[in-house]
Number of protein chains: 2
Amino acid sequence: MRPTVGIREVAERASVSPGTVSNVLNRPERVAAPTRARVLAAIDELGFVRNGSASTLRAGHSRAVGLMVLDIANPFFTEAARGVEDVISERGYALMLSNSDEDAVKERRNLRMLAEQRVQGLLVTPVDDEAPELLALRERGVSVVLLDRPGARPDQCSVAVDDVAGGRLAVEHLLRLGRRDIAYVSGPPGIRQCDDRREGARRALDGADGARLREFAAEGMNVRGGLDAGQRLLAGRRTPDAVFCANDLLALGVMRALLRAGARVPDDVAVLGYDDIEFAAAAAVPLSSVRQPTYQLGRLGTELLLDECENPDGHAHQQVVFQPELVARDSTG
Amino acid sequence: MRPTVGIREVAERASVSPGTVSNVLNRPERVAAPTRARVLAAIDELGFVRNGSASTLRAGHSRAVGLMVLDIANPFFTEAARGVEDVISERGYALMLSNSDEDAVKERRNLRMLAEQRVQGLLVTPVDDEAPELLALRERGVSVVLLDRPGARPDQCSVAVDDVAGGRLAVEHLLRLGRRDIAYVSGPPGIRQCDDRREGARRALDGADGARLREFAAEGMNVRGGLDAGQRLLAGRRTPDAVFCANDLLALGVMRALLRAGARVPDDVAVLGYDDIEFAAAAAVPLSSVRQPTYQLGRLGTELLLDECENPDGHAHQQVVFQPELVARDSTG
DNA sequence: ACAGCCGATTGATACGTTTTAATCACGGTG
DNA sequence: CACCGTGATTAAAACGTATCAATCGGCTGT
């Protein structure tokens, strides 16, 4: 392994001082064109690559941002992550990914890790909004943007989709189709998205006579959870005539349970999902869903974050709320 | 923003030297129990968190590893990433994620970024096996493990699934069902997985009389690419009686195109995918597929990588090849 | 010809940690 | 009582970069 080549060797080769090399790297406009060319050539010949840790140590902040999601395997988050990664990569940052698995303990452990790594900013869908590690990060001057969670506090950015509106949209659609006995399949208790969507669903029901909403909580917001909830739902005395799921994964699971049991979708039971993931349209019965601008969510969140990082003074915190949209397919007839 | 609290402040508060604090952090067994307790208390009271960049700078290597995949939105990679993240997180490392988008230029840019961040190791599914940045990383002493790519070189670890066997498995299955006019829908040219699966398909055909294999290349290995390939496939003079796709996403797209055009699956055309993603079973017609131990791939790859990082001398490079498995569902009758 | 100025470059220092060799306290041994 | 060994602790020297005040050289205007 050859002796590491640093800014010093480059400087020597280009017959300039280390300071100049640093300037070429960080403020190229400050150095005269011919000098710059010489330095660049030396960098190339020596195969120099800047030592990020030294740079971070000296500058006091890194060129990395963290992204913490509830579940990397969930297409909703991967789609958002794609938006995040695109911006990050365009702007020359690095992305530290971590997964809380909807587990507050794991979340805290990972937050500490991100703090150690001195990330400059953090995009997070928190399990625990009030985690002390989260507050500590902000006190240390790390910008935090809430992802898919409406910002309660005016002193930070957030990007979210109006889940109450989404829930209302969904149930209004089902009511319009004449369904009256509606089941709501949610995730584990305590997840804000699920709560908001339920709230929207309830509001839609307010004006509707003779309609009722029953709730089934799945253990995880994935296909398996949906399958399980679907079975419980079929085991009841009366099968509902419509199911609204907090998630497309749940909906796919529920649909599978229904079809397996011989129920017809949508004739006997309408099924409605949430997120409009890529696979929704390819499902056994193409799945109606509530679409969110997921990729945009990731992109915009990251742009807000980087703006706050790069321009802390001129930055105005924003709480962005997108509106969801209903996509009707066969599963609701 | 309060003056940063470092190892020095902790030392002062615990009435010890900075060196001792460092020892508490890195080799707790070397420091006497009462001292250790005092230091730990001070850390807690001051809310100290170790500065990773300083640590990395001094130690010469970080506690982060990189993961570069072809497409973060592809469930195959997210499933593998879950395996990676689980191990990383258990062992207290950080994960830097980047996405090459099957683009060699983006790949090189991201590799440079990872090199700057001084990742200690890298898991990668390369677009370009011979990218100079990749070789440069290894020369710098960064451990590299190839993910889902059989290792040609004996001097590095790799974890992969036998794609030739998978292709053969797939086409043998179709032949056994009496299909003779088989289409192979692959991704863009140059992707090793696709090439290997084609090779396996060809070998399966060797002994079969009157059977032929036609190829359709999709633009991207996603649902849209499959839809498009499906349309081209239908536009031909004779529609094949079976389609083997290099990917479940492609298969879902192809299936959708077929169903939309009124073809019956599997009666008119059998469809067979690859990867057995979670959604395969929930498809319009439950999709037969070739299953790979994807989560395990990520886990084992990471374990090999960390072993190589932590124990560079005693480490023996391994090229692990898993065997795929056919999962027959309705789409092949 | 000279003061003054401006852009380009330099030199020195600090960032927070790890590590090595040196120091210290202390009890057992000859 | 002097000596040595042992385990715990310390002091000091790096690691590679960014930054800032200082310097240099050339040019303008008087």
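Convention: sequence-line order gives letters A, B, ...; per-chain numbering from 1.
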Would you tell me if any nitrogen or oxygen in the side chain of [X] comes within less than 4.0 Å of OP1 or OP2 on [N]?
{"X": "Asn51(B)", "N": "dT17(C)", "value": "no"}
{"X": "Ser53(A)", "N": "dG16(D)", "value": "no"}
{"X": "Thr20(B)", "N": "dT9(D)", "value": "no"}

Exercise for the section: Check the side chains of Asp148(B) and Gln193(B) for a donor-acceptor pair under 3.5 angstrom, ignoring hydrogens and angles. Expected result: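 Judged by distance alone, the side chains do pair up.
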
Problem - Exercise: do Arg63(B) and Gln120(B) side chains pair donor with acceptor under 3.5 Å - result: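 Note: Arg63(B) and Gln120(B) side chains miss the donor-acceptor criterion.
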
Give the rounded distance in Å between these two atoms: [atom1] of [X] and [atom2] of [N].
{"X": "Glu12(B)", "N": "dG16(C)", "atom1": "CD", "atom2": "P", "answer": "14 Å"}
{"X": "Arg118(A)", "N": "dT17(D)", "atom1": "CZ", "atom2": "P", "answer": "20 Å"}
{"X": "Asn23(B)", "N": "dT18(C)", "atom1": "CG", "atom2": "P", "answer": "9 Å"}
{"X": "Leu57(B)", "N": "dT19(C)", "atom1": "CG", "atom2": "P", "answer": "12 Å"}
{"X": "Arg140(A)", "N": "dG16(C)", "atom1": "CZ", "atom2": "C1'", "answer": "12 Å"}
{"X": "Leu25(B)", "N": "dT17(C)", "atom1": "CG", "atom2": "C1'", "answer": "10 Å"}
{"X": "His61(B)", "N": "dG16(D)", "atom1": "NE2", "atom2": "P", "answer": "13 Å"}
{"X": "Arg27(B)", "N": "dG7(D)", "atom1": "CZ", "atom2": "P", "answer": "16 Å"}

Exercise for the section: With DNA chain C as reference, determine whether Gly19(B) or Glu29(A) sits nearer its 5' end, using the nearest nucleotide of each. Expected result: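 The 5'-side residue here is Glu29(A).
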
Exercise for the section: Take Val49(B) and Arg36(A), find for each the nucleotide of DNA chain C with the closest heavy atom, and name the residue whose nucleotide sits nearer the 5' end. Expected result: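 Nearer the 5' end of the strand: Arg36(A).
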
Under 4.0 Å, heavy atoms only, any strand: does [X] hit a base, just the sugar-phosphate, or nothing?
{"X": "Val21(A)", "value": "nothing"}
{"X": "Val31(B)", "value": "sugar-phosphate"}
{"X": "Thr35(B)", "value": "sugar-phosphate"}
{"X": "Ser55(B)", "value": "sugar-phosphate"}

Problem - Side chain Arg58(B) and base dT18(C) donor-acceptor under 3.5 Å - result: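 Checked by distance alone, the answer is yes.
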
Practice task
Mark yes when over 12 heavy atoms from residues, nucleotides or ligands other than Arg91(A) sit less than 6.0 Å from its CZ; otherwise mark no.
Solution key: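 Yes, enclosed.
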
Exercise for the section: Just compare dA18(D), dT17(C), dT10(C) and give me whichever is closest to any side-chain atom of Val16(A). Expected result: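 Of all the options, the side chain of Val16(A) is nearest to dT10(C).
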
Handout entry: Residue Ala59(A), side-chain atoms from C-beta onward, closest of dG16(D), dA18(D), dG16(C)
Key =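 Nearest to the side chain of Ala59(A) among the choices is dA18(D).
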
Handout entry: Steps toward salt bridge (Lys or Arg N to Asp or Glu O under 4.0 Å) verdict (Arg109(B), Glu133(B))
Key = CA-CA 9 Å; Arg109(B) 188 174 66 189; Glu133(B) 281 80 359; over 6 Å; no

Practice task
Salt-bridge test for Arg138(A) and Asp155(A): reply yes if a basic N is under 4.0 Å from a carboxylate O, no otherwise.
Solution key: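 So Arg138(A) pairs with Asp155(A) through a salt bridge.
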
